[in-house]
S.K.: 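Mind having a look at this structure? Questions to follow.
Proteins get letters first, then strands, A, B, ... in listed order; numbering begins at 1 in each.
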2 protein chains.
Amino acid sequence: MAKDFVTRQENYSEWYNELVVRADLAENSSVRGCMVIKPYGYAIWEKMQHTLDTMFKETGHHNAYFPLFIPKSFFEKEAEHVEGFAKECAVVTHHRLAKSPDGKGLVPDPDARLEEELIVRPTSETIIWDTYRRWIKSYRDLPILCNQWANVVRWEMRTRMFLRTAEFLWQEGHTAHETSEQAEDESVKMMHVYADFAEKYMAVPVVRGVKTANERFAGAVNTYCIEAMMQDGKALQAGTSHFLGQNFAKAFDVKYLSRDNKLEYVWASSWGVSTRLMGALIMTHSDDNGLVLPPALAPLQVVLVPIFKTDEEKQMIDALADQLMTDLKAKNISIKYDDDAKTKPGWKFNEYEFKGVPVRVTLGARDLKEGKVEVFRRDTCEKDLRSTEGLAEHIEKLLKDIQQNLFDKAVKLRAEKTRNVDTWEDFKKEIEKGGFLMCHWDGTTETELKIKEETKATIRCIPIDAPQEEGKCIYTGKPSHQRVIFARNY
Amino acid sequence: MAKDFVTRQENYSEWYNELVVRADLAENSSVRGCMVIKPYGYAIWEKMQHTLDTMFKETGHHNAYFPLFIPKSFFEKEAEHVEGFAKECAVVTHHRLAKSPDGKGLVPDPDARLEEELIVRPTSETIIWDTYRRWIKSYRDLPILCNQWANVVRWEMRTRMFLRTAEFLWQEGHTAHETSEQAEDESVKMMHVYADFAEKYMAVPVVRGVKTANERFAGAVNTYCIEAMMQDGKALQAGTSHFLGQNFAKAFDVKYLSRDNKLEYVWASSWGVSTRLMGALIMTHSDDNGLVLPPALAPLQVVLVPIFKTDEEKQMIDALADQLMTDLKAKNISIKYDDDAKTKPGWKFNEYEFKGVPVRVTLGARDLKEGKVEVFRRDTCEKDLRSTEGLAEHIEKLLKDIQQNLFDKAVKLRAEKTRNVDTWEDFKKEIEKGGFLMCHWDGTTETELKIKEETKATIRCIPIDAPQEEGKCIYTGKPSHQRVIFARNY
């Protein structure tokens, strides 16, 4: 299949771009940096959304919706936040178009200039904390545990579908608490929720860690993150959760009457994952034959393809297909019987393989007469002739195996591409090979930036479960107590 | 309850505005015309979304996502559409903020002016048909049945929460077909889907009809709609479905190779409902004691409130509450046991009544000793002392009764406020009393506009099931074959 499809080996970057388009996941639009998410891609995103939303609700969160626009002055209120987010953004300056003076086309109406420019939200801390000021009077109003599913815009210069687009879809949780500890606990908890989602549903192993000061969210005291490794050995930040201290409460004057009857600033967290997860999902599992999807997030888990010559054969196949559909639907497995006469079995094989459908069952008249069907699993591309007896149970088990196998494979690859590096000479060589380099670092931003400048590698995170170990900084030789992860990243 | 709450009689408009805020549904934000949808309001919207989304999928539609921004020139391509939508809109002119020359604050960076302005979508026909041009080559690619859940912006001068806001949430379906008939059938089908949703879930009776040329969507050949009547007798357009002919296919050059091997322009429909439905829901059922919600869309359907003095009594109540929760959850009924010690039963009664929780069960120690509980239904505010025997079944039936009763009440009110009017003198008097006036009309935009100018009444729709009947136009006396609905509207 896909003979004209570039391999990962040949050009990983091109392989990804082509895969996204040819598997009908997304495409570039006529608006620079903005993509169209096509129905098949959106169906995967919907499954992600649904799963995450359930996990958020189970941890006590409620959804709400806040304005798309943020007054320019709001960004000026938090000193670090403005540096990070009020730079490359979409600025609304007018609220009307009018006929242009030459009568040709439309221009922003000079009489409809906004008194204050509005920014299309790049993230919503400011508008939300402006709102929380009205919601919070006393400790009785806390905690507030809100989440929002929304679109945001960051005017990126270089864009890639799902990984970095000007507009993207995401969720952003924004919570308000009485104490510093509660707010930080919340941000740690949500890092774990993200990690569970990535590992159990996406089958993407992640490292749980803390960002260095340099990589921290603009306005955060601490940024927790989950970091994944793609097949080419590059790191991908898959989700972040921020402990914001009292920074936004102070910027927006949000105080509460404490249990001790004192006015105190409120403590905050925020956390988000985006359609970037789609990029992580695609790049972790897919291969040179196209998309590979973990069954937990595949919009279609099983496809049935008939092969027959006579009407009589077709009837025999239909009967089995009906039975299988009933059995699998009862097990909550999504299934499609593709007996469309307009396309041939070979075309169908290619199509579903390229789109990453986890299991294909070929119902061939010849095999069926011997009570057999061919079961194809997309993760390994293995075919297996199976008895029709207990087929539904076999498929159910197979889907679980595939889910586990994809995770195990990704864990194995990550282990192979993760190693300790202890000298600067080695570092410079090793970083060219990709993967995670576990190194000692002296803890300064200065050193981190120098290493980035020389090698394009950044500290992806300080793993939360890394053992304490005495060592010397890879670059300065100064003492260090723990290894951190260096890598090049998406 | 709510002694300081204005009644519908006193001031219907103020009653609505206050209700929205005090029932924790939404509030105005710091951004002019944009609202914050609070968690309780959003939970109702989520139930609406979920139900509609299921109905769309059952009728063969898939979700997708298209860009927030639309290049200005796209609006210029469809002559009527530009008049309707490229007027009051949010215009993005810059993609960066920079420090202002005086060093104080931020200004749009003059070096980051966009070559072509981007409009925040007021509706997405243009960007979607620009996309469909790439998706459609032959009749085999048709139909395309896409829906998008999104935010849109229309710069309204006078805004009211849910009813008319600058930014609002909605879904927009956009379909592409081989023939005119298929596209028009689709738009009619979706009008019926909307009507079913309004009546079965929202318990809001609606008239299914066609808009006059004057009230038609800008760019449509025909606009189908569902029209509801609020308690004050004003009409509210609750959903529209447009047959777009080939207008957008021509504007964006979308042709397909037909079964006859000819290049033909594609036929289109689009259809949408928005957070405006929240306004319709609130205004149809609520009363002077606050919100009233139909059980099908209530985030919380049943609340249990304990009344007790001793720990022993509390234990007895807890046991019954546990049992009821188990029983009702098994019936998929959402239930909460509010035994929060910080608030008193009276406060709880008021709170849940104001928030429109359909059923409240008071578990009073005294009643319970006699095997009884008090069941309160929000729609009629009736209380009933019931045996604890078969209580779950009783509540399940009661929720169905409430759903039906709300619909019946709304149908009755609408019938009372709907009447035939046959003279212009009567019309001018009757329109002041509100409601739907069923009148003959000569079919011209001229007459429609004159009537609007003189009375502020518009033709809400030409009902699709109205009987053919000879008559004379209420205004010009010219012949007419069918009555249409005149009303003042939201």
Side-chain angles (χ1 to χ4, degrees), chain A residues 27 29-31 34-43 45-46 62-76 82 86-98 105-109 112 117-120 127 130-131 134-135 140 146 150-151 153 155 166-167 169 342, chain B residues 27 29-31 34-43 45-46 62-76 82 86-98 105-109 112 117-120 127 130-131 134-135 140 146 150-151 153 155 166-167 169 342:
Chain A
E27 65 184 35
S29 76
S30 293
V31 183
C34 293
M35 64 179 165
V36 171
I37 307 179
K38 299 180 79 173
Y40 191 58
Y42 201 85
W45 175 242
E46 278 186 307
H62 299 278
N63 289 328
Y65 189 76
F66 299 87
L68 170 68
F69 298 126
I70 300 180
K72 189 186 67 179
S73 59
F74 279 26
F75 285 97
E76 294 163 353
V82 68
K87 288 282 168 66
E88 302 297 330
C89 56
V91 186
V92 178
T93 56
H94 293 74
H95 65 77
R96 190 187 304 135
L97 290 174
L106 299 164
V107 293
D109 186 342
E117 292 85 356
L118 296 173
I119 311 305
V120 179
I127 188 81
D130 176 66
T131 306
R134 295 191 292 274
W135 293 5
R140 285 189 201 84
C146 276
N151 52 346
V153 172
W155 209 270
E167 182 192 13
L169 303 183
K342 292 197 298 292
Chain B
E27 66 183 35
S29 76
S30 293
V31 183
C34 294
M35 65 180 164
V36 171
I37 306 180
K38 299 179 80 172
Y40 191 58
Y42 201 85
W45 175 241
E46 277 187 306
H62 299 277
N63 289 328
Y65 189 77
F66 298 88
L68 171 68
F69 298 126
I70 301 180
K72 188 186 67 178
S73 58
F74 279 26
F75 285 97
E76 294 163 356
V82 68
K87 288 281 169 67
E88 302 296 330
C89 56
V91 186
V92 178
T93 55
H94 293 74
H95 66 77
R96 191 185 305 134
L97 290 174
L106 300 163
V107 293
D109 186 342
E117 291 86 357
L118 296 172
I119 311 305
V120 179
I127 188 80
D130 177 67
T131 306
R134 295 191 292 273
W135 293 5
R140 284 189 201 83
C146 276
N151 52 345
V153 172
W155 209 270
E167 182 192 13
L169 303 182
K342 292 199 295 293

S.K.: Please report the closest heavy-atom contact between A/Thr93 and B/Pro108, naming both atoms and the distance.
M.R.: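 Nearest pair, atom of A/Thr93 first, then B/Pro108: CG2-CG, 4.2 Å.
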S.K.: Which one wins on heavy-atom pair count under 4.5 Å against chain B: A/Thr131, A/Asn151, A/Val120, A/Asp130?
M.R.: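 Option with the top pair count is A/Asn151.
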S.K.: Looking at every heavy atom in both B/Leu106 and A/Lys72, which two are closest together, and how far apart are they?
M.R.: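 Taking every non-hydrogen atom into account, O-NZ, 2.6 Å.
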S.K.: Would you compute the distance between atom NZ of A/Lys342 and atom CZ of B/Arg140 and round it to the nearest 0.5 angstrom?
M.R.: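 The NZ atom of A/Lys342 sits 8.0 Å away from the CZ atom of B/Arg140.
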S.K.: If I take atom NZ from residue A/Lys38 and atom CZ from residue B/Phe66, how far apart are they, to the nearest 0.5 angstrom?
M.R.: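 Rounded to the nearest 0.5 Å, the NZ-CZ separation comes out at 9.5 Å.
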S.K.: Look at B/Val92, B/Leu97, B/Leu169 and state which one has the largest set of heavy-atom pairs under 4.5 Å with chain A.
M.R.: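 Looking at each of B/Val92, B/Leu97, B/Leu169 in turn, B/Leu97 comes out on top.
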S.K.: If you tally heavy-atom pairs under 4.5 Å against chain B, which of A/Ala112, A/Cys34, A/Ser30 wins?
M.R.: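 Of the candidates given, the most pairs with chain B belong to A/Ser30.
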S.K.: Would you give the length of the straight line joining atom CE of B/Met35 to atom OH of A/Tyr65, rounded to the nearest 0.5 angstrom?
M.R.: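 It comes to 9.5 Å.
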S.K.: Measuring heavy-atom distances to chain B, does A/Glu167 have an atom under 4.5 Å in its side chain, in its backbone, in both, or in neither?
M.R.: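 The side chain, not the backbone.
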S.K.: Which residue out of B/Cys146, B/Ala90, B/Pro39, B/Ser29 racks up the most heavy-atom pairs below 4.5 Å with chain A?
M.R.: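 So the answer, after comparing B/Cys146, B/Ala90, B/Pro39, B/Ser29, is B/Pro39.
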S.K.: Of the non-hydrogen atoms in B/Ala64 and A/Ile37, which two are nearest, and what is the gap between them?
M.R.: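 Shortest heavy-atom contact: CB-O, 3.4 Å.
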S.K.: So for A/Asn63, is it side chain, backbone, both, or neither that comes closer than 4.5 Å to the heavy atoms of chain B?
M.R.: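 For A/Asn63, the contact with chain B is made by backbone and side chain together.
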S.K.: Do B/Phe69 and A/Val153 come within less than 4.5 Å of each other through their side chains, counting heavy atoms only?
M.R.: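 Contact flag for B/Phe69/A/Val153 side chains = yes.
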S.K.: Between B/Pro67, B/Ala43, B/Pro71, B/Ala150, which has the largest tally of heavy atom pairs under 4.5 Å with chain A?
M.R.: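 Of the options given, most contacts go to B/Pro67.
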S.K.: Tell me, side chain or backbone of A/Phe74 under 4.5 Å from chain B's heavy atoms, or both, or neither?
M.R.: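 The answer is the side chain of A/Phe74.
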S.K.: So for A/Trp45, is it side chain, backbone, both, or neither that comes closer than 4.5 Å to the heavy atoms of chain B?
M.R.: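 For A/Trp45, neither part sits under 4.5 Å from chain B.
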S.K.: For chain B, find which of A/Glu46, A/Glu117, A/His62 contributes the most heavy-atom pairs closer than 4.5 angstrom.
M.R.: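 Top option by heavy-atom pairs under 4.5 Å: A/Glu46.
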S.K.: To the nearest 0.5 Å, what is the distance between CD on A/Glu88 and NE2 on B/His95?
M.R.: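 Between A/Glu88 CD and B/His95 NE2, I get 6.5 Å after rounding to 0.5 Å.
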S.K.: What pair of heavy atoms forms the shortest contact from A/Gly105 to B/Glu76, and how long is it?
M.R.: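 Between these two residues, the closest heavy atoms are CA-OE2, 3.4 Å.
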S.K.: Give, as side chain, backbone, both or neither, the part of A/Cys89 having an atom under 4.5 angstrom from any heavy atom of chain B.
M.R.: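 For A/Cys89, heavy atoms of backbone and side chain both lie under 4.5 Å from chain B.
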S.K.: Drop me the distance from B/Glu27's CD to A/Trp135's CH2, to the nearest 0.5 angstrom.
M.R.: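 CH2 of A/Trp135 is found 6.0 Å from CD of B/Glu27.
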